[in-house]
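Not measured: the values here are computed from a predicted model. Convention: sequence-line order gives letters A, B, ...; per-chain numbering from 1.
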Amino acid sequence: MTVQLAGADAFHRWCTVADEVRSTTKRLQKLAALVDYFPSLPDDALAIAARFFSAIVFPRHDARTTQVGGSILWAALASLTGLSDESLAEAYGRHGDAGDMVGDVLVDRPASAHSLGWIEERFAALARATGSTARREIVRGALASLGGNEVRYFAKLLAGELRIGLKEAQVEEAVARTFERPLEQVRHANRLRGDIGEVAILARQGRLELVRLALFHPIGFMLAQPLATPEAIVEALPSPFVLEDKYDGIRAQAHVDGEEVRLFSRTLDDITRGYPEVVASLRGLGAGLVLDGELIAVDPVDRRRARPFAVLQRRLGRKAPTPAVLAEAPVGFVVYDLLAIDHELVLDSSYEARRAHLSSLSWRDDSALMASNTLAVTAHDVETAFARARDAGNEGLIAKDPASAYTPGRRGKSWVKLKRALATLDVVVTGVERGHGRRNHVLSDYTFAVRASEVDPTLLNVGKAYNGLTDAEIATLTKRFESITTERFGRFHTVRPEVVLEVTFDIVQRSTRHKAGYALRFPRIVRVRDDKLPTEIDTLARVRELAGDSDPSTDDA
DNA sequence: TATGACTGCCC
DNA sequence: ATTCTGC
DNA sequence: GCAGAATGGGCAGTCATA
């Protein structure tokens with residue numbers, strides 16, 4: 001039975017529940033807080049509350065964004081309170097979180113009567129607004145009229161993360177429990193609809209089973225679990241298993257119905273306009289199709305061959321690619337799965353059955369083509385295929401259980417990925433920064449350098465890394481970095497270059513970001529090298545070599 | 001008109 | 001994207 | 001084993017400002 005209280009949809013009530021969630025690390029207790037709260041809400045507020053607990057301000061499939069980040073929030077807060085940058089920085093320093101800074105500065109304001117709907121309307125107003133000045137004024141106005149705890153969560157929602165130990169998967173669980181529906185049904189409906197808010201209402205109404213495939217409305221993607229070695233893959237999958245190359249591109253889902261085609265990204269955004277050659281190639285491929293694959297920059301000579309991700313990146317995010325860009329960086333779509341055919345979902349069919357459907361389509365040209373695959377049994381098979389994939393310019397391998405269903409959202413072990421770090425570098429830390437959130441009080445983010453050459457000890461920054469070390473190691477290093485700090489600029493410390501780290505990464509790319517002229521993709525820390533001196537670290541020549549840049553002597557001018 | 005800060009979204 | 005941590 | 005937290009590098013688009 002739904003009990004509706006006066007003011008049940010008040011935002012300050014939502015904030016109280018969020019505090020309750022935040023106050024415990026126990027999942028069951030977090031769920032209980034939501035399960036107590038949800039029934040009291042009318043439908044429209046229930047949808048908003050469910051989205052907000054997932055740190056989502058608009059339905060996922062909704063293209064709107066607030067275009068508000070830390071900078072606009074900061075400016076709005078400064079304008080409202082008249083506080084200096086220094087005082088605001090101090091408040092930020094107490095929490096390491098934008099929302100908690102706002103809550104700190106605007107403490108003691110009485111709760112407002114604003115509803116969840118009112119808050120949602122403010123986000124909508126931000127999405128409609130043009131220019132950062134207008135957005136700052138909207139944020140300022142909202143902060144001015146909200147209570148102390150409400151401003152905290154309003155800001156956290158703007159920042160896109162709550163940091164209360166709750167994410168969308170737990171909200172799905174809470175919806176299932178609240179309305180006594182099977183969790184799998186709730187998850188499935190959410191994967192199909194892409195809006196936990198709508199799903200919460202359907203769960204209450206007992207209408208989840210009515211959720212069907214709606215073509216041109218994106219479905220959640222199936223993800224692969226990373227494994228480090230071929231042996232681990234052999235162990236994780238039944239034998240024989242399927243191997244496909246892992247392309248370094250953009251994951252995309254294509255919906256095709258006759259001449260109509262639409263492309264969606266992993267975040268369920270509509271990216272159709274950016275890839276006209278792929279759209280043209282998919283037209284007329286079939287009726288009621290949903291395809292899963294990778295958009296890649298293709299080699300114009302051998303169109304089955306992918307070019308580096310950096311080439312594709314010039315196409316990424318473009319609203320309307322110019323003819324020049326289309327010619328310079330042609331894109332292809334490598335399709336490896338089929339989720340629907342003739343308007344029927346086939347997620348529960350086996351990989352093999354889905355691939356059979358794919359094969360039955362008449363692929364017309366090479367801007368959209370089927371990914372090839374092979375069968376493997378042993379670790380040696382995997383090793384051989386991995387080497388071949390790398391030779392073909394691809395990132396690594398995806399191994400799949402041929403009998404497995406397509407399970408969106410879950411990083412199960414029926415799809416497993418094998419990548420390999422390019423190499424490791426020994427580097428010295430030149431600067432460190434305080435972290436955010438639970439790392440607010442430690443120095444957790446390290447900028448590091450290599451030596452200019454064997455004879456030139458000049459240090460050239462080449463990257464920044466924050467992960468790979470345990471909390472205990474970070475705590476130890478924090479003390480050490482405090483003791484060798486030479487200068488402070490806000491949260492940043494310059495340190496004496498003494499601490500040597502071994503770092504790893506996927507690739508090295510040319511970059512203007514760091515002094516070395518190169519940057520690392522996916523940098524992470526392997527270990528602290530207390531056995532090494534700063535004079536023993538790697539040099540720029542080594543970085544160049546890893547980047548694949550030829551003869552360094554020719555371009556040192 | 002050119003440049004750079006900010007934001008979002010790809011990996 | 002990757003990695004570590006708490007449950 | 002899952003879910004959550006913290007955070008790298010780079011490009012396009014938009015707008016404020018020099």
Side-chain angles (χ1 to χ4, degrees), chain A residues 24-30 55 63-75 96-97 129-136 158-173 223 225-226 228 246-252 265-269 271 274 294-295 308-322 325 329 395 409-413 417 419 421 433 435-440 442 444-448 462-474 503-514 518-526:
Chain A
T24 174
T25 57
K26 295 186 169 52
R27 281 188 48 208
L28 292 179
Q29 223 166 304
K30 290 174 189 283
R64 287 177 297 168
T65 57
T66 62
Q67 296 285 125
V68 172
S71 178
I72 289 174
L73 181 64
W74 189 279
D97 176 274
T130 303
S132 48
T133 313
R135 286 195 292 274
R136 186 192 65 213
L158 277 178
E161 51 190 4
L162 298 175
R163 293 204 253 236
I164 62 174
L166 185 84
K167 290 217 162 161
E168 189 168 358
Q170 299 306 294
V171 180
E172 287 172 336
E173 219 169 311
L223 306 172
Q225 184 185 280
K246 184 180 190 306
Y247 293 90
D248 193 4
I250 299 171
R251 186 80 181 271
S265 70
R266 238 188 77 163
T267 47
L268 311 190
D269 290 292
I271 54 170
E294 196 88 2
L295 292 165
F309 185 75
V311 177
L312 182 61
Q313 249 180 322
R314 289 189 290 127
R315 293 286 300 271
L316 204 159
R318 240 176 235 276
K319 287 193 161 174
T322 60
V325 174
E395 267 193 313
R410 258 175 302 171
R411 220 176 265 275
K413 55 181 185 305
K417 65 177 161 186
K419 288 169 68 170
E433 255 179 293
H436 303 268
R438 66 187 185 86
R439 288 181 166 185
N440 186 35
V442 288
S444 59
D445 196 333
Y446 311 135
T447 300
F448 50 80
V462 69
K464 204 175 166 193
Y466 61 91
N467 79 19
L469 297 178
T470 64
D471 288 355
E473 288 169 314
I474 293 171
V503 296
T504 190
F505 41 85
D506 282 14
I507 57 171
V508 181
Q509 43 201 157
R510 274 182 178 277
S511 161
T512 55
R513 189 182 194 83
H514 299 292
Y518 294 88
L520 313 179
R521 189 180 187 201
F522 308 136
R524 56 253 193 212
I525 301 160
V526 180

Starting the side chain at C-beta, find the nucleotide from D:dA3, B:dT7, B:dC10 nearest to A:Ala169. D:dA3
Looking at A:Arg438 and A:Asp97, is any side-chain nitrogen of the basic one under 4.0 Å from a carboxylate oxygen of the acidic one? no
Tell me: CD of A:Glu168 to P of D:dC2, nearest whole Å? 18 Å
Whichever of A:Gly317 and A:Ala252 has the more 5' nearest nucleotide on DNA chain B, that residue is A:Gly317
Is it true that A:Lys417 and A:Glu395 have a side-chain N and a carboxylate O under 4.0 angstrom from each other? no
Closest-nucleotide ordering on DNA chain C, the 5'-leading residue of A:Ala472 and A:Lys417: A:Lys417
Listed nucleotide nearest any side-chain atom of A:Asp269, set B:dC9, D:dA6, B:dC11: B:dC9
Which nucleotide in the list D:dG10, B:dC10, C:dT2 gets nearest to the side chain of A:Ile271? B:dC10
Let me know the distance between CG of A:Leu162 and P of D:dG4, rounded to the nearest Å. 11 Å
Do A:Glu294 and A:Lys246 sit within salt-bridge range, that is, some charged N less than 4.0 Å from a carboxylate O? no
Nearest-Å distance for atom pair CG/P, residues A:Asp97 and D:dG4: 17 Å
In terms of side-chain heavy atoms of A:His514, which of C:dT3, D:dG9, D:dG4 is nearest? D:dG9
Any idea which of D:dG4, D:dA16, D:dG10 is nearest the A:Gln313 side chain? D:dG10
Of the listed D:dG9, D:dG4, B:dC10, the closest approach to the A:Ile250 side chain comes from B:dC10
What's the closest nucleotide to the side chain of A:Arg318 if the choices are D:dG13, C:dT2, D:dG4? D:dG13
Ignoring hydrogens and geometry beyond distance, is the side chain of A:Asp471 in donor-acceptor contact with the base of C:dT5 at under 3.5 Å? no
Can you work out whether A:Leu223 or A:Thr470 has the more 5'-proximal nearest nucleotide on DNA chain C? A:Leu223
Selected nucleotide, minimal atom distance to A:Gln509 side chain, candidates D:dG10, B:dC11, B:dT7: D:dG10
With respect to the side chain of A:Arg163, which nucleotide from C:dT2, D:dA5, B:dC9 is positioned closest? D:dA5
Can you tell me the distance, in whole Å, between the CZ atom of A:Arg27 and the P atom of D:dC2? 12 Å
Integer-rounded Å distance: D:dA3 C1' and A:Leu166 CG: 10 Å
Base, sugar-phosphate alone, or nothing: which one does A:Asp248 contact when heavy atoms must sit under 4.0 Å apart? sugar-phosphate
Have a look at A:Glu173 and tell me which of A:Lys167, A:Arg27, A:Lys30 forms a salt bridge (charged side-chain N to carboxylate O under 4.0 Å, His left out) with it. A:Arg27
Starting at CG of A:Leu520 and ending at P of C:dT3, how long is that distance when rounded to a whole Å? 14 Å
Side chain A:Glu473, main chain A:Thr470, donor-acceptor under 3.5 Å: yes
From the candidates C:dT3, B:dG8, C:dC7, the one with an atom nearest any side-chain atom of A:Arg524 is C:dT3
